[in-house]
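The structure under discussion appears below in the form of structure tokens.
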Amino acid sequence: MGPTLISSTRNPIIKQVRLVASGSRRVAGDLVLVEGLRLLGEALRSKCELQTVVLGEGFGTKSREEEFLKRLYSSSVKICRVTEKLLGQLSDVAAPQGALALARVPESTIEDIPPAPTPLLVCACGVQDPGNMGTLLRIAWAAGASAMIAAPGTVSFRNPKSIRASAGAAFHVPVVEGCSAPTVRAVCRRLGIQAYRADVRGGINCWAADLSRPTAFLLGSEGRGMDPSEWHGIPPIHVPMADGVESLNVAAAGAVLLFEAARQRHGGSRFDQGTAGTT
């Protein structure tokens, strides 16, 4: 006998999904909302704990869905079915894929940053758009970064939009949230990491910087950039741009910087599979 079909918005599982989606403090802080086959697959691959999986009543008729169900059943995770109408109300995307879940992503600390011969960190210092936050995390994963550090005033990577934009990176790259400027400085000193703060045009040209050394890139908010008084003493770095161009999107700037560091470290070869952090 399959899972009971849920149609009521008063069901405790439905209430919990909505609380997590809204960022309510009434639920465990390590719970995140995961939606879509790709993200759910990455959550399973990372050994992330899926607390509850919510499936539409018609989910499982396609080959990809059948394969995913096999993986779910072998993991003994709790599964429930909901009406398509209710699923549409729970989903935050225009075209729901028929599956979402509550997953546990434990909080990371500085001690959880994996050891590496040449660590590469990205520090989000006031990034406010969840899409940019998730995209930065996705880029960090792709570039082989060891971890992401988030300063106060930065949107949480646990925001459902950040989780979606991360394309699964949120389950693979440690994210240490709430790190003040003194903490970031102390971490860089302790790990022997050179830190650069991204600037529109000031400081060293990123093509000329030696990024083969342990490096941290600090990226500021979309509108104000970084507060020089708070991050004083950290040298600026910039991405060369054509005349007349005001600036790059924060995620685009992060991509250029992180992949320039990756290029200097790896050249045209494949990344060492042990470079990126895993959970």
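In terms of heavy-atom proximity, A251 sits nearest to I139 at O-CD1, 3.3 Å. A pairwise comparison of heavy atoms in A195 and I234 identifies O-CG2, 3.6 Å as the closest pair. The two residues C48 and V105 make their nearest non-hydrogen contact at SG-CG2, 4.1 Å. Taking all atoms of both residues into account, the shortest heavy-atom contact from A99 to L55 is CB-CD2, 3.6 Å. In terms of heavy-atom proximity, A261 sits nearest to F217 at CB-CE1, 4.1 Å. Pairing each heavy atom of A198 with each of L219, the nearest pair is CB-CD2, 3.6 Å.
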With a 3.5 Å cut-off and sequence neighbours excluded, list the donor-acceptor pairs that the side chains of residues 25-43 form with protein atoms.
residue: D30; atom: OD1; partner: R104; partner atom: NH1; Å: 2.8
residue: D30; atom: OD2; partner: R104; partner atom: NH1; Å: 3.4
residue: E35; atom: OE2; partner: S91; partner atom: OG; Å: 2.3
residue: E42; atom: OE1; partner: R45; partner atom: NE; Å: 3.1
residue: E42; atom: OE1; partner: R45; partner atom: NH2; Å: 2.9
residue: E42; atom: OE1; partner: H172; partner atom: NE2; Å: 2.8
residue: E42; atom: OE2; partner: R45; partner atom: NH2; Å: 3.4

Under 3.5 Å, side-chain donor or acceptor atoms of residues 207-215 against the rest of the protein: list the pairs with distances, not counting sequence neighbours.
residue: D210; atom: OD1; partner: S212; partner atom: N; Å: 3.2
residue: D210; atom: OD1; partner: S212; partner atom: OG; Å: 2.5
residue: R213; atom: NH1; partner: Q194; partner atom: OE1; Å: 3.1
residue: T215; atom: OG1; partner: Q194; partner atom: NE2; Å: 3.0
residue: T215; atom: OG1; partner: R213; partner atom: O; Å: 2.7

Would you tabulate the side-chain donor-acceptor contacts of residues 5-22 under 3.5 Å, counting partners in other chains and residues two or more places apart, or write 'none'?
residue: S8; atom: OG; partner: R10; partner atom: N; Å: 3.0
residue: N11; atom: OD1; partner: I13; partner atom: N; Å: 2.9
residue: Q16; atom: OE1; partner: Q51; partner atom: NE2; Å: 3.0
residue: R18; atom: NH2; partner: Q89; partner atom: OE1; Å: 3.4
residue: S22; atom: OG; partner: R18; partner atom: O; Å: 3.3
residue: S22; atom: OG; partner: L19; partner atom: O; Å: 2.9

Could you pull out all donor-acceptor pairs under 3.5 Å where a side-chain atom in residues 62-73 meets a protein atom, sequence neighbours excluded?
residue: E65; atom: OE1; partner: G60; partner atom: N; Å: 2.8
residue: E65; atom: OE1; partner: T61; partner atom: N; Å: 3.2
residue: E65; atom: OE1; partner: K62; partner atom: N; Å: 3.4

Would you mind writing out the side-chain donor-acceptor pairs for residues 122-134 within the sub-3.5 Å range, not counting sequence neighbours?
residue: D129; atom: OD2; partner: G131; partner atom: N; Å: 3.0
residue: D129; atom: OD2; partner: N132; partner atom: N; Å: 2.9
residue: N132; atom: OD1; partner: N249; partner atom: ND2; Å: 3.3
residue: N132; atom: ND2; partner: E222; partner atom: OE2; Å: 3.0

Table please: side-chain donor-acceptor pairs of residues 178-185 below 3.5 Å, with sequence neighbours left out.
residue: S180; atom: OG; partner: T183; partner atom: N; Å: 3.4
residue: S180; atom: OG; partner: T183; partner atom: OG1; Å: 3.1
residue: R185; atom: NH1; partner: H232; partner atom: O; Å: 2.8
residue: R185; atom: NH2; partner: E230; partner atom: O; Å: 3.1
residue: R185; atom: NH2; partner: H232; partner atom: O; Å: 2.7

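The side chain to side chain donor-acceptor pair (under 3.5 Å) analysis of residues 234-247, with sequence neighbours excluded, yields no pairs. A side chain to side chain donor-acceptor pair (under 3.5 Å) check over residues 77-88, counting only residues at least two apart or in different chains, returns nothing. Applying the salt bridge (charged side-chain N to carboxylate O under 4.0 Å, His left out) rule to pairs touching residues 107-118 yields nothing, sequence neighbours excluded.
Separation of atoms CG (L120) and CG (L257) is listed at 10.0 Å; rounding is to 0.5 Å. Between the CZ atom of R197 and the CH2 atom of W231 there is a distance of 11.0 Å, given to the nearest 0.5 Å. Between S75 atom OG and E49 atom CD the span is 10.5 Å, to the nearest 0.5 Å. Distance CG/L218 to OH/Y196: 12.5 Å, rounded to 0.5 Å. With rounding to the nearest 0.5 angstrom, the OG1 atom of T52 is 10.0 Å from the CD1 atom of I79. Within the model, atoms CG of L258 and CG of L121 stand 10.0 Å from one another, a figure rounded to the nearest 0.5 Å.
Note on L191 and I149: same hydrophobic cluster, where clusters join Ile, Leu, Val, Met, Phe, Trp and Tyr whose side-chain heavy atoms are under 4.5 Å apart, directly or indirectly. Both F259 and M241 are part of a single hydrophobic cluster, where members link through side-chain heavy atoms under 4.5 Å apart. Linking ILVMFWY side-chain heavy atoms closer than 4.5 Å, directly or via other members, places M226 and L136 in two distinct hydrophobic clusters. No single ILVMFWY cluster, assembled from side-chain heavy atoms under 4.5 Å apart, contains both M148 and I113.
A heavy-atom distance below 4.5 Å is found between the side chains of I193 and P119. Side chains of V176 and S108 form a contact here, defined as non-hydrogen atoms less than 4.5 Å apart. Residues C206 and P240 form a side-chain contact, since some pair of their non-hydrogen atoms from C-beta on lies under 4.5 Å apart.
For the salt bridge (Lys or Arg N to Asp or Glu O under 4.0 Å) test, residues two or more places apart in sequence or in another chain that qualify with D92 are R164. In this view, R138 satisfies the salt bridge (Lys or Arg N to Asp or Glu O under 4.0 Å) rule with no residue, not counting sequence neighbours.
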